[in-house]
Amino acid sequence: MAGILDGIKVIEVASMAAAPNATVILADLGAEVIKVEPLSGDPWRYGHMTPGLPPSKVAWTTYIQNRTKKSVAMNLKAPEAQEALLKLAATADVFLTNSPHPVQKALKHTYEDIKAVNPTIVYASINGFGKAGPDKDAPGFDATAWYARTGIMEELRPKDGGPTALPVGVGDLGTASTLAGAVLAGLFHRERTGQGSEVFTSLMHNGLWANSCMTQAALVGTPPMAKYALDEWPNPVSGGRFKTKDGRYVIIMEINPNNIGNLRDAFGADHLKGDERFATPQSRMQNAKALFDEMQSIVEQHDLSVVKERLQAFAVNFSVAQTTEENTRDEHMIANGCFPEVEGAEGIRTVDSPMHIFAEGYEKVKPQRPPAVGEHTVSELTGVGFSEADIKAMAEAKAIGLPK
């Protein structure tokens, strides 16, 4: 069966994470994605060597960023490469880039440049801080534009503690989903009207959207949310975090006040029955510290395996603070197809993109091995009319890169 975007060609001129991950989503849905990257490759191909990340001989960043794509290596500072890019764009349905606007202008791939050769193109772009304002051309990463600038970093800062580092790519990957969705809307608009369009998002705006609950509170004049130590949380049965005997954590989320009995009975805490301090939602709020202490004193007597078993047996709403490595062995995640094998990659699994479209006759494309840098330079340029002599001359001029 075909992917639902079968027949859609995407040209990607992008590096690092958010934009390339948007095209991974499109590729997973069946689009042909041609990645145009520098002769040395997209720098994030080498992200596994980044100081601070766990050392690895496997270039794992390329599996989440470049799988199921083709690679054309170009030096877009060269006029010959700019000409070749426009010829590729003329055959495409989507052109997607995260080049800053000054770079788009300098390297001849603005919306106007691409529209001139392909009036019905869906031109998708992304930057750090948006299209207007004093910071519109500032470099943006998810740690800066998505996390720090938008209040999320401060919201997650623990009481009396310093800021917490953002896990790698968290803001980028969510933003990628937004951009992919915008592309799908652009394609729908073209299908309905025959017209191309420009679609856009920014890391900053996605961070604000992720933090929209607290931002909306601020917009109506509500003071900032107070910070709490674990034992100060005002409602331990809804959002309380508890440490087990073996040093793990669980979070309890019982929104329904009538379910307090389930939580009590899970641990046989009969001594709390009839305790007026915890009889009503109001009294529990007034005695939150005492309730936390009672719950923590019970949880800390048991290892995580016992805590999980008892909470599940009594249908308590909770979750373990699971490690990333544990995700890879999570039976439920595996059952939902979250970690498909990459074809041609010797058993390596990857993370499935989160967009699912169930339609008769279609299915998601199985992840394919990430291409080598420039692996498809010859075939793609030949396909838009360049001769072998043309390609050889451009390669000698270092305007394009050939597979090694």
Side-chain angles (χ1 to χ4, degrees), residues 3-5 8 10-37 42-45 47 50 60-71 92-100 122-131 139-147 149-150 152 166-188 198-212 324 327 337-340 342 350-357 364-365 367-368 370-371:
I4 203 161
L5 292 184
I8 296 296
V10 180
I11 305 297
E12 170 200 312
V13 180
S15 61
M16 299 302 287
N21 282 120
T23 54
V24 163
I25 295 173
L26 301 177
D28 285 351
L29 295 176
E32 176 190 12
V33 176
I34 300 169
K35 181 182 184 69
V36 177
E37 55 186 323
D42 181 338
W44 198 229
R45 282 181 176 271
T50 302
W60 52 265
T61 51
T62 198
Y63 286 92
I64 202 70
Q65 172 207 24
N66 293 324
R67 66 172 189 253
T68 324
K69 298 180 184 180
K70 297 177 178 178
S71 171
D93 301 282
V94 178
F95 187 97
L96 188 147
T97 185
N98 65 356
S99 299
V122 175
Y123 184 96
S125 64
I126 178 174
N127 71 7
F129 296 97
K131 283 180 169 287
F141 296 89
D142 65 342
T144 56
W146 185 93
Y147 185 46
R149 184 65 173 268
T150 61
I152 300 174
L166 181 70
V168 176
V170 168
D172 288 321
L173 273 292
T175 301
S177 297
T178 299
L179 188 58
V183 168
L184 295 179
L187 289 170
F188 177 72
E198 181 180 10
V199 301
F200 172 80
T201 195
S202 71
L203 288 164
M204 179 187 70
H205 206 150
N206 279 269
L208 285 172
W209 184 243
N211 194 29
S212 58
T324 302
N327 291 346
C338 294
F339 308 119
V342 179
T350 188
V351 183
D352 190 25
S353 56
M355 191 177 293
H356 300 276
I357 302 173
K364 290 185 82 168
V365 172
Q368 309 292 309

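For this chain, numbers begin at 1 and follow the sequence in order. Basis for what follows: all heavy atoms, side chains included, without hydrogens, waters or symmetry-related copies.
Applying the side chain to side chain contact (heavy atoms under 4.5 Å, CB included) rule to A210 yields the partners W146, I152; only residues at least two apart in sequence or on another chain are considered. Applying the ring pair (Phe, Tyr, Trp, His ring centres under 6.0 Å) rule to Y123 yields the partners F95, Y111; only residues at least two apart in sequence or on another chain are considered. Considering only residues two or more places apart in sequence or on other chains, T97 meets the side-chain hydrogen bond (donor to acceptor under 3.5 Å, both in side chains) condition with S99. For F141, the side chain to side chain contact (heavy atoms under 4.5 Å, CB included) partners at least two apart in sequence or on another chain are T144. Residues forming a side-chain hydrogen bond (donor to acceptor under 3.5 Å, both in side chains) with Q65 (at least two apart in sequence, or on another chain): D42. Residues passing the side chain to side chain contact (heavy atoms under 4.5 Å, CB included) test with S177 are I25, P354, sequence neighbours excluded. Looking at residues two or more places apart in sequence or on another chain, you find no side-chain hydrogen bond (donor to acceptor under 3.5 Å, both in side chains) involving N211. F188 pairs by the side chain to side chain contact (heavy atoms under 4.5 Å, CB included) definition with R192, not counting sequence neighbours.
The side-chain heavy atoms of S71 and R45, taken from C-beta on, include a pair separated by under 4.5 Å.
Counting all heavy atoms, side chain and backbone alike, S125 lies closest to L179 at O-CD1, 3.7 Å. Contact record, K35 with A14: NZ-O, 3.4 Å, taken as the closest heavy-atom pair. Among all heavy-atom pairs drawn from Q368 and T68, the shortest one is N-OG1, 3.0 Å. For I64 against V351, the heavy-atom pair with the smallest separation is CD1-CB, 3.8 Å. Among all heavy-atom pairs drawn from K131 and N127, the shortest one is N-ND2, 4.4 Å. Across all their heavy atoms, A19 and I126 have their closest contact at CB-CG2, 3.7 Å.
Other residues, nucleotides and ligands contribute only 12 or fewer heavy atoms inside 6.0 Å of the CH2 atom of W209.
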### Task
Before giving the answer on side chain to side chain contact (heavy atoms under 4.5 Å, CB included), spell out for L29 and M355 the whole-Å C-alpha distance, their side-chain angles and the decisive distance to 0.1 Å.
CA-CA 8 Å; L29 295 176; M355 191 177 293; 3.8 Å; yes
### Task
Could you go through the side chain to side chain contact (heavy atoms under 4.5 Å, CB included) check for F339 and N327 one step at a time?
CA-CA 10 Å; F339 308 119; N327 291 346; 4.2 Å; yes
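Screening V10, I8, L5 for a side-chain contact (heavy atoms from CB on, under 4.5 Å) with V33, the sole residue that qualifies is V10.
Atom CG of L184 and atom CD1 of I357 lie 6.0 Å apart (nearest 0.5 Å). The distance from the CZ atom of F129 to the OG1 atom of T150 is 9.5 Å, given to the nearest 0.5 Å.
No donor-acceptor pair under 3.5 Å is formed between the side chain of T350 and the backbone N or O of V342.
The list of side-chain hydrogen bond (donor to acceptor under 3.5 Å, both in side chains) pairs with a residue in residues 20-33, not counting sequence neighbours, reads E12-T23, T23-K69, D28-R67, D28-S353, E32-K70.
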Listing, residues 200-208 side-chain donor-acceptor contacts under 3.5 Å, not counting sequence neighbours, or none:
unit_1: T201; atom_1: OG1; unit_2: N206; atom_2: ND2; d: 2.7
unit_1: S202; atom_1: OG; unit_2: H205; atom_2: N; d: 3.0
unit_1: N206; atom_1: OD1; unit_2: T178; atom_2: OG1; d: 2.6
unit_1: N206; atom_1: ND2; unit_2: S202; atom_2: O; d: 2.8

